[in-house]
Amino acid sequence: LLLTLHQITCTVFAFVSVQCRAPDVEPPPRKVRALIILSGALSNVFVNLSLKFNTVGTYQLLKMLNVPITCVGEFIFFKTRYNSGTMIAIAFLIGGICLATVNDVRLT
């Protein structure tokens with residue numbers, strides 16, 4: 001329910017911002033929008049499967065590791081560079097995740 005409310009709220013605010021001409025960009029092509037919608041739907045499916053088959057600690061670990069994995073992917077594919085403040089924040093994120101979930105991670 002919370003995830004659905006989050007997505008509805010984001011959609012409404014994105015629609016309102018486009019109607020108010022807040023961004024100076026054109027909406028993406030229909031094919032790109034379809035891929036974004038499909039990836040969002042599959043994300044919901046896999047989140048629920050992760051909770052069904054893993055512990056909450058494992059779920060949290062996998063969820064929080066999305067940030068550094070996305071950064072690595074952006075570096076590899078788009079040559080995106082992050083400043084030292086961002087890298088330190090990601091290091092703290094990973095360290096906190098390890099400390100919080102070290103005893104609760106169990107893959108099934």
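Note that the structure is a prediction, hence the values are computed from the model and not measured. Computation of the quantities below employed the complete heavy-atom set of this structure, encompassing side-chain atoms and omitting hydrogens, waters and symmetry-equivalent molecules.
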Query - Closest approach of Leu5 to Thr9 (non-hydrogen atoms, all atoms of both residues) - result: O-OG1, 2.8 Å
Query raised in the report: What distance separates Arg30 CZ from Ile37 CD1, expressed to the nearest 0.5 Å?
Result: 9.5 Å
Requested in this report: List, by chain and number, the other hydrophobic cluster members for Phe92, where Ile, Leu, Val, Met, Phe, Trp and Tyr join if side-chain heavy atoms come within less than 4.5 Å, directly or indirectly.
Outcome: Ile88
Report task. Could you list the residues that satisfy side chain to side chain contact (heavy atoms under 4.5 Å, CB included) with Leu51, not counting sequence neighbours? Result -> Tyr59
Report task. May I ask you to test the Ile8-Thr11 pair for a side-chain heavy-atom distance under 4.5 Å? Result -> no
Query raised in the report: Going hydrophobic residue to hydrophobic residue with side-chain gaps under 4.5 angstrom, can you get from Leu42 over to Leu49?
Result: yes
Query raised in the report: Are Ile69 and Ile90 in one and the same hydrophobic cluster, where Ile, Leu, Val, Met, Phe, Trp and Tyr link if side-chain heavy atoms are under 4.5 Å apart?
Result: yes
